[in-house]
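Since this is a predicted model, take the numbers as computed values, not measurements.
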Amino acid sequence: MSKKGKKAKTPLSDEEQLLLFQQRLLADEEVARRKERLLSVFLKDKLAKEEHNSALNLNKINTQWRTVLREVKTKELHKDIEILSQTFERVVDCKDSVIKSLAKDLSEADEQYAHALRSHMHNIDQLLALQRCRLNLLEENYSMELETLTKEFEIERKTIIEQHEKEIRYLQDVFMAMEQNYIDSEYESKLEFQSMWDDLKNKNIEEKHFLRLQLESVVEDLWRRFQDALKNYTDATEDRKIAFETLKVKDEKSSKDIEVQMKRIQKLQDSILILKGKIMVHSRESEEQNQYIRDDKELVLVQLRKLKAQRTHVREIAQENLVKLTLESNATLKVLRAIVDKGEKILKLAEICRKFETEEEKVLPFYSSILTPEEQEEIEEIIPEELTEELAKVIADYIGMDNFWKRYNKVKLEQLSLQQRRTQLLEINGKLREMLKRYLDGISVSDEVLSQLNPLFIVNYRSNLPQALSKPTTQPDDKKSSTTYNIIEAAHVISHIL
């Protein structure tokens, strides 16, 4: 027992302690990994169960909510149907009243049309009678003018023919005289030409003979000089000729030596050319390979630069598009808000204006077209030819606004008519005010009134208005004599009566 205790108490070395420590760490890490795995598996199962439960609960809530919404929707639809039935009955009553009024208007229009047709036919008969009388008078005037014009034409034609014959005779005489003069002048010019030609021919023959004699003497002198010069040249060059023959022999020998040396040089040059060709071939191959490598390098660099430039360009475009998108989205939001506000304002104004509508506007809110069916067909045939695709698409988008524009145009026309009526009433009011002012000025007495012209201001049976000049009296021979009227102011008569 004592030996075993001594063995257990023996201390461990450092290496053994490190090994034990590492084993413990590995065991702890393995335990922690197992715990994490178990925890992850547990959490995944729990998450799957929660998702399944949430899906089931959501389906249950949706089914219950749909039943509630269906009940609410059915109630709303019942209410809408009741309202629509009431409005339909009201519209039917309004249309019945409209049909009755239109039938009455139609009968009245038929009577007016018949009356207008009778008056139109009577007027046409009168116009036809007047036109026939006018045509008869015009026909008589035309026949008279035609006779006078024919007589004048015949007289003028005879005078023109006589004048023409006289001018033809005169021109024939002139032509004969000119032809005779031309023949005489032609004969004289031929004689002159023949004489001049003979003179020139004789002169040319004499000059040719003289020149031939001169040239023969000059040629003989030159031949004599040439023979003398040739003799002197042969005497002077005889020694040089002998030296030339010796030099010619030496030249032949040296030329043979030169040919041998040239053959050797040619062989050496051929070998040099072959070696140079091989060197050139090798250098070309190496240069071509180097050039291919350089070209590939440049292409790769160019593609790299292009890709970098494209990347930067795409980034810039994306940035610009993002900025534009944000700006346009903000602008569209503002515009849409403004449109919504405008629509709400229009709806409020429509509700306010609906209170002031007349019965006719309530029954017939949209007036029918004033065009006839034929005119409507012509417009429908013309419009598709003139419209482009873009304009047709835009018009198709705004077809639903036709009724709105009808009501708008109707209101605009009524506004213009009311403005015109207002201007007329203002003019009438101004005229009435002016007349009232004149009347008040006439019945009142003040410095301002006395200083101006006043038809009611009479002193000693005289007014301060300027007197009109008396018209000349007509003679008793005139058929109608001008009647004169005496005018007396009512205020003057009342003042004398009272």
Side-chain angles (χ1 to χ4, degrees), residues 43-44 46-48 50-81 83-84 87 300-357 361 365-367 369 379-380 382-416:
L43 290 172
K44 284 180 181 177
K46 190 174 181 181
L47 181 63
E50 289 291 332
E51 288 177 354
H52 182 67
N53 292 326
S54 63
L56 289 172
N57 292 326
L58 184 63
N59 289 325
K60 289 178 182 179
I61 290 164
N62 287 328
T63 53
Q64 291 177 1
W65 185 244
R66 282 172 187 166
T67 54
V68 172
L69 288 174
R70 282 171 186 165
E71 290 176 357
V72 173
K73 189 68 177 178
T74 51
K75 290 179 183 178
E76 290 179 354
L77 289 171
H78 283 301
K79 289 180 182 178
D80 293 336
I81 290 165
I83 292 164
L84 288 171
T87 53
V300 170
L301 289 172
V302 170
Q303 289 178 358
L304 182 62
R305 287 172 193 156
K306 285 182 181 178
L307 290 171
K308 286 182 179 179
Q310 287 178 1
R311 186 184 66 184
T312 54
H313 185 63
V314 167
R315 282 181 181 175
E316 290 174 357
I317 291 169
Q319 191 71 23
E320 290 177 358
N321 290 329
L322 183 61
V323 173
K324 285 182 182 177
L325 183 63
T326 53
L327 293 172
E328 288 176 358
S329 63
N330 291 326
T332 49
L333 287 171
K334 290 179 182 177
V335 171
L336 290 172
R337 284 171 192 159
I339 291 166
V340 170
D341 295 335
K342 191 175 181 180
E344 290 177 354
K345 188 177 179 182
I346 289 166
L347 290 172
K348 288 178 183 178
L349 291 171
E351 290 177 358
I352 293 165
C353 294
R354 197 174 288 117
K355 297 177 183 177
F356 301 101
E357 287 181 352
E361 289 176 348
F366 307 111
Y367 65 90
S369 179
I379 290 167
E380 289 177 356
I382 292 166
I383 287 170
E385 296 177 357
E386 296 177 354
L387 294 176
T388 59
E389 293 181 358
E390 295 178 358
L391 187 59
K393 289 178 182 178
V394 174
I395 291 170
D397 293 335
Y398 290 96
I399 287 171
M401 298 290 289
D402 288 340
N403 292 327
F404 169 76
W405 288 116
K406 283 181 180 179
R407 295 190 73 178
Y408 179 78
N409 292 328
K410 187 177 180 182
V411 172
K412 197 72 177 174
L413 288 170
E414 288 179 356
Q415 183 184 0
L416 292 172

Q: In Å, rounded to the nearest 0.5 Å, how long is the span from NZ of K306 to NE2 of H313?
A: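 That separation rounds to 14.5 Å.
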
Q: Drop me the distance from K73's NZ to L77's CG, to the nearest 0.5 angstrom.
A: 5.5 Å

Q: Minimum heavy-atom separation for S329 and T332, please, with both atom names.
A: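 Nearest heavy atoms, S329 then T332: O-OG1, 2.6 Å.
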
Q: What pair of heavy atoms forms the shortest contact from V323 to T326, and how long is it?
A: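 Smallest interatomic distance, heavy atoms only, reads O-OG1, 2.5 Å.
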
Q: I need the I317 CD1 to K324 NZ distance, nearest 0.5 Å.
A: 9.5 Å

Q: Less than 3.5 Å apart, which donor and acceptor atoms pair up between the side chains of residues 57-72 and the rest of the protein, not counting sequence neighbours?
A:
residue : atom : partner : partner atom : Å
N57     : ND2  : N53     : O            : 2.9
N59     : ND2  : A55     : O            : 3.1
N62     : ND2  : L58     : O            : 3.1
T63     : OG1  : N59     : O            : 3.1
T63     : OG1  : K60     : O            : 2.5
T67     : OG1  : T63     : O            : 3.4
T67     : OG1  : Q64     : O            : 2.4

Q: Between K79 and E76, is the side-chain contact (heavy atoms from CB on, under 4.5 Å) condition met? List the steps.
A: CA-CA 5 Å; K79 289 180 182 178; E76 290 179 354; 5.7 Å; no

Q: Throw together a table of side-chain donor-acceptor distances under 3.5 angstrom for residues 338-347, partners on residues two or more places apart or in other chains.
A:
none

Q: State the NE2-CG distance between H52 and L47, to the nearest 0.5 angstrom.
A: 13.5 Å

